[in-house]
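So the structure is just underneath, and the comments pick up after that.
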Protein chains: 2
Amino acid sequence: MDQISNISQLFAAQKYKLTPQREAIVNILLDNEKDHLSVEEVYMLVKNSYPHLGLATVYRTLELLCELHIVEKMNFGDGVARYDLRGNDHSHMHHHLICSVCGRLEEIKDDWLVELEKRVEREYGFNVTDHRLDFKGTYDTCKRTGCKKEKANKAVS
Amino acid sequence: MDQISNISQLFAAQKYKLTPQREAIVNILLDNEKDHLSVEEVYMLVKNSYPHLGLATVYRTLELLCELHIVEKMNFGDGVARYDLRGNDHSHMHHHLICSVCGRLEEIKDDWLVELEKRVEREYGFNVTDHRLDFKGTYDTCKRTGCKKEKANKAVS
DNA sequence: GTGACTGCAAATGGTTTGCACAAAA
DNA sequence: TTTTGTGCAAACCATTTGCAGTCAC
């Protein structure tokens with residue numbers, strides 16, 4: 001099954017409607033799966049295919065997608081919320097590399113924390129349902145070439 | 001050397017002054033090392049010992065402490081920035097457990113990621129300077145007793 | 001006196017909300 | 001026709017900034 005009909009089912013299951021606006025927004029997210037778009041960025045992109053769309057609808061739709069565990073709301077410290085599509089099983093199984101030279105944000109599509117989560121359960125009596133792992137640093141290639149920083153880094157973590 | 005004179009030296013090294021306001025703020029942070037205070041919380045607490053203090057000064061001081069790597073600015077998704085004292089070596093060596101039942105935020109004062117950082121370097125050519133690891137879930141004790149959720153959880157990660 | 005620092009109030013900017021209208025069930 | 005969703009504008013609220021006054025060297 002393709003992703004959009006999969007998502008359509010999730011909407012239906014909770015008695016939500018997949019309106020044209022919502023579908024347009026979901027499509028933008030699917031088309032930019034690699035990125036971590038902000039609300040404003042989604043808004044700009046959707047405007048191309050749906051010029052009449054209101055900003056509030058983007059906010060409300062992304063919140064809804066969050067509730068349905070289709071996307072994940074994250075904050076990388078640049079002052080705006082960013083949204084990340086979850087996998088097909090709606091799990092959270094990736095980590096981030098954030099380069100402080102070029103500003104790139106790469107995903108590691110793998111779960112390296114299985115063992116550590118067992119350790120948390122064992123040593124702290126804490127049952128993990130979700131996690132977040134970001135690495136901040138620099139790519140070796142960036143360090144060598146000294147490529148320019150793309151955007152201001154408010155350095156929040 | 002105690003912490004406050006240590007911090008005092010860091011200020012002096014960068015030609016910053018440790019004013020009474022700044023010292024009062026730092027003391028609040030030291031007194032509440034376990035917590036992750038928001039600006040508003042720091043403001044309220046400092047008001048007890050320094051009633052005349054302005055909110056903007058708290059913002060400016062915390063930003064300064066961030067720049068000196070004395071504290072770390074973090075965002076746990078509740079809409080406000082929170083600040084965490086770094087260790088004496090000003091490294092970032094701890095992880096977080098966030099309970100979605102009781103809202104507690106516990107620190108794991110240990111660095112479990114040494115091996116993974118080597119792996120990132122090896123497999124991605126990425127040199128890690130800092131990281132962030134949060135686990136979200138529930139304490140076994142919370143699950144059993146069903147203790148009440150302390151605060152609204154905007155579920156941002 | 002010059003430069004760093006503070007307090008206050010105003011401005012900023014991302015996000016939320018109230019409400020009237022539109023579409024769907 | 002009752003419910004759900006949308007667009008617009010206003011409200012909200014954490015944070016930042018401009019500025020005049022204060023303090024330290």
Side-chain angles (χ1 to χ4, degrees), chain A residues 7-8 10-26 28 36-44 46-47 49-68 71 73-83 151-157, chain B residues 7-8 10-26 28 36-44 46-47 49-68 71 73-83 151-157:
Chain A
I7 289 171
S8 171
L10 286 169
F11 269 77
Q14 301 285 325
K15 309 268 180 277
Y16 291 126
K17 295 169 202 162
L18 188 54
T19 63
Q21 288 95 330
R22 289 175 177 173
E23 190 166 354
I25 291 168
V26 169
I28 289 298
H36 299 70
L37 300 176
S38 66
V39 173
E40 203 70 29
E41 286 164 353
V42 172
Y43 180 58
M44 292 306 182
V46 179
K47 278 250 160 183
S49 58
Y50 206 106
H52 192 50
L53 189 93
L55 182 57
T57 300
V58 181
Y59 274 100
R60 285 187 278 232
T61 300
L62 287 170
E63 192 192 345
L64 182 57
L65 291 169
C66 218
E67 184 190 322
L68 296 175
V71 302
K73 188 178 186 178
M74 302 210 78
N75 192 314
F76 293 104
D78 58 353
V80 295
R82 296 188 172 275
Y83 295 82
K151 55 180 167 184
N153 191 341
K154 280 187 168 180
V156 176
S157 164
Chain B
I7 289 172
S8 172
L10 286 169
F11 269 76
Q14 301 284 326
K15 310 268 181 271
Y16 290 126
K17 295 170 202 161
L18 188 55
T19 62
Q21 287 95 331
R22 290 176 177 173
E23 189 167 355
I25 290 169
V26 168
I28 289 300
H36 299 70
L37 301 176
S38 66
V39 173
E40 203 69 30
E41 286 164 353
V42 172
Y43 179 59
M44 292 305 181
V46 180
K47 279 253 161 181
S49 58
Y50 205 106
H52 192 48
L53 189 94
L55 182 56
T57 301
V58 181
Y59 275 100
R60 286 189 279 232
T61 300
L62 287 171
E63 192 192 345
L64 182 56
L65 290 169
C66 220
E67 183 191 325
L68 296 175
V71 301
K73 188 177 185 178
M74 303 209 78
N75 193 313
F76 293 103
D78 58 352
V80 294
R82 295 187 173 276
Y83 295 83
K151 54 179 167 183
N153 193 341
K154 281 189 171 181
V156 176
S157 165

Practice prompt. For A:Asp78 and C:dG13, give me the distance from atom CG to atom C1', rounded to whole Å.
Written response: 13 Å
Worksheet item: Of all of residues 53-65 of chain A, which get a heavy atom below 4.0 angstrom from DNA chain D, listed by number?
Response: A:Leu53, A:Gly54, A:Ala56, A:Thr57, A:Arg60
Item to complete: Quickly work out the A:Tyr43 OH to D:dT6 C1' distance and round it to whole Å.
Response: 12 Å
Worksheet entry | Rounded distance (Å) that lies between atom P of C:dG13 and atom CD of A:Glu41 | 17 Å
Fill in: A:Thr19 side chain near D:dT6 phosphate (N/O to OP1/OP2, under 4.0 Å)
yes
Practice prompt. Please state how far atom CD in A:Glu23 lies from atom C1' in C:dA24, giving the value in whole angstrom units.
Written response: 16 Å
Practice prompt. Quick one: pull up CZ in A:Arg82 and CG in A:Asn75 and give me the separation to the nearest 0.5 Å.
Written response: 9.5 Å
Item to complete: Under the side chain to side chain donor-acceptor pair (under 3.5 Å) rule, collect the residues that match up with B:Glu63, sequence neighbours excluded.
Response: none
Worksheet item: To the nearest 0.5 Å, how far apart are OG in B:Ser38 and CE in B:Met44?
Response: 9.0 Å
Worksheet item: Which listed nucleotide (D:dG7, C:dT15, C:dC5) is nearest to the side chain of B:Tyr16?
Response: C:dC5
Worksheet item: Taking for each residue the nucleotide of DNA chain C bearing the nearest heavy atom, is the 5' side occupied by B:Lys17 or by B:Lys47?
Response: B:Lys17
Discussion item. Looking at C:dA23, I'd like to know if its phosphate oxygens (OP1 or OP2) sit under 4.0 Å from a side-chain N or O belonging to A:Gln21.
Written reply: no
Worksheet item: How far does CD of A:Glu67 sit from NZ of A:Lys73, to the nearest 0.5 angstrom?
Response: 12.5 Å
Discussion item. From CD1 of B:Ile25 over to P of C:dC5, roughly how many Å is that when rounded to an integer?
Written reply: 13 Å
Discussion item. Less than 6.0 angstrom separating the ring centers of A:Phe76 and A:His36, yes or no?
Written reply: yes
Worksheet item: Rounded to whole angstroms, how far apart are OH on A:Tyr50 and C1' on D:dG5?
Response: 10 Å
Worksheet item: Atom OG1 in A:Thr61, atom CD1 in A:Ile25: separation rounded to 0.5 Å?
Response: 3.5 Å
Item to complete: Measure the OH-CD distance between B:Tyr59 and B:Glu40 for me, rounded to the nearest 0.5 Å.
Response: 6.5 Å
Worksheet item: Whole-Å distance between C:dA24 C1' and A:Arg22 CZ?
Response: 12 Å
Discussion item. Five pairs per end, C1' atoms only: what is the angle between the end axes of the helix from C:dG1-D:dC25 to C:dA25-D:dT1, to 10 degrees?
Written reply: 20°
Item to complete: Starting at CZ of A:Arg22, measure out to CG of A:Leu62 and round the result to the nearest 0.5 Å.
Response: 11.0 Å
Worksheet item: In whole angstroms, how far is the C1' atom of D:dC25 from the CG atom of B:Leu18?
Response: 16 Å
Worksheet item: What are the two closest non-hydrogen atoms of B:Leu55 and B:Val39, and how far apart are they?
Response: CD1-CG1, 3.8 Å
